[in-house]
Amino acid sequence: MDLGLNGKVALVAAASKGLGKASALALAREGARVTICARTEADLQAAAEEIRRETGAEVLAVPADLTTAEGISNVVAQTAGRFGGVDVLVNNSGGPALGTFADFTDDDWRRAFEVVTLNFVRFVREVVPHMRAQRWGRIVGIQSSSVKQPVEGIDLSNGIRPGIAGLMKAIMPDLAKDGITINLVLPGRFLTSRISPDAGVSAEGDRALQERLAPLATTIPLGRFGEPMELGNVVAFLASQQASYVTGAVCQVDGGIIASNV
Ligand code: NAP
C-alpha cells in the first residue's frame with residue numbers, strides 16, 4: 001500500500017530514541033521530510049544521521065526541552081521555516097516519572113501535567129493553524145496503555161494520561177471540519193531506553209534483553225516486549241493519506257496486554 005506520505009512534512013517530538021525515533025524512521029521510509037527533537041544534542045544528531053543514512057530523507061534536528069512553551073513553539077517554527085509547513089505531528093514526550101502514589105509530591109504532579117498534558121496542548125495549539133491553512137493534517141499522540149487500564153508502578157501516568165483521550169475526543173470534531181485527523185496510540189511494553197539503557201544498541205543486545213525480560217513478558221499475550229518499529233509502523237499508518245477515515249480513535253499497540261473489551 002502506498003501510504004501517500006511522500007514529501008509530507010512530519011514533526012516527531014521526543015525522537016532521538018525509542019518510540020519517537022522509530023516513528024520518525026517509519027515516516028522517513030515512506031518518503032516524508034522529518035523534524036526530530038530532544039534535549040541531548042549528540043543523541044539527536046546521531047538519530048538524524050541514522051535516519052538520513054537509511055532512508056535518504058531530509059531530516060531537521062532541533063534541540064529542544066519540550067517541557068517549555070518556548071521549546072515547543074521553536075520546534076514548530078523551525079519546521080515551518082525549513083519545510084514550509086507541518087502536515088503531520090507525532091506528539092510524544094519523555095514520559096512522567098515512574099513510581100506509586102505515595103512517592104509523589106504536588107510538584108511531581110505539576111511536573112507530570114507539564115510533561116504529558118501541556119506538551120499535548122501546546123503542540124496541538126502550535127501545529128493546527130498550519131494544518132487548517134492547507135485543510136489537511138494528521139496528529140498522532142503517543143500515550144500509554146494506562147489510558148485504558150492502570151499499570152502498576154506508574155501512578156503519574158495512570159492519573160494523567162486518560163485525560164488526554166478525553167481532550168482528544170473533545171477537540172476532534174472541530175479539527176475534522178478542516179480535514180485534520182487526531183488519534184492516539186497506546187504502547188504496552190516496548191524495548192526502549194525507558195525500560196533499559198541497553199535497549200536499541202544492537203540486534204544481539206536486544207535479543208539478550210528479551211531473554212532477560214522473559215519473566216516479565218509472561219503477562220503479555222504475545223509473550224515478549226514490543227520492538228519500537230512495531231509501534232512506529234502503526235504511527236505511520238495513522239499519519240497517512242490511507243487512514244483518512246480514522247479520527248478520534250485510541251489504538252492500542254500492546255501485544256494484547258490490555259484486558260478490557262474496548
Ligand atoms: P525513551 O526511549 O527513553 O526516549 C525518550 C525520548 O524523549 C528521548 O529521545 C529523549 O531525549 C526525549 N525526551 C525526554 N524528555 C524530553 C524533554 N523534556 N524534551 C525533549 N525531549 C525529551 O522513551 P520511550 O520508551 O520511547 O517512551 C516514549 C513515550 O512513550 C514516553 O512518554 C513513555 O512514557 C511512553 N511509553 C513508553 C512505553 C515503553 O514500554 N517504552 C510504554 C508506554 C508508554 P532526551 O532525554 O535527550 O531529551
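No experiment lies behind these values; they were computed from the predicted model shown. One-based numbering, in listed order, for ligands and for the atoms of each. For this chain, numbers begin at 1 and follow the sequence in order.
- Applying the side chain to side chain donor-acceptor pair (under 3.5 Å) criterion to Glu114, with sequence neighbours excluded, gives Arg122.
- In this structure Ser73 satisfies the side-chain contact (heavy atoms from CB on, under 4.5 Å) test together with Glu126, sequence neighbours excluded.
- Taking CG from Asp254 and CG from Leu186, the interatomic distance works out to 8.0 Å, rounded to the nearest 0.5 Å.
- The pair Arg132-Asp174 counts as a salt bridge, with a side-chain nitrogen and a carboxylate oxygen less than 4.0 angstrom apart.
- Enumerated by chain and number, the residues approaching ligand 1 to less than 4.0 Å through a heavy atom are Ala14, Ala15, Ser16, Lys17, Gly18, Leu19, Ala38, Arg39, Thr40, Ala64, Asp65, Leu66, Thr67, Asn92, Ser93, Gly94, Gly95, Ile142, Gln143, Ser144, Arg161, Pro187, Gly188, Arg189, Phe190, Thr192, Ser193, Arg194, Ile195.
- Every residue meeting the side-chain contact (heavy atoms from CB on, under 4.5 Å) condition with Gln242, not counting sequence neighbours, appears here in chain and number order: Met1, Leu3, Phe237, Ser240.
- Remark: Glu30 does not engage Lys8 in a salt bridge, criterion side-chain N to carboxylate O under 4.0 Å.
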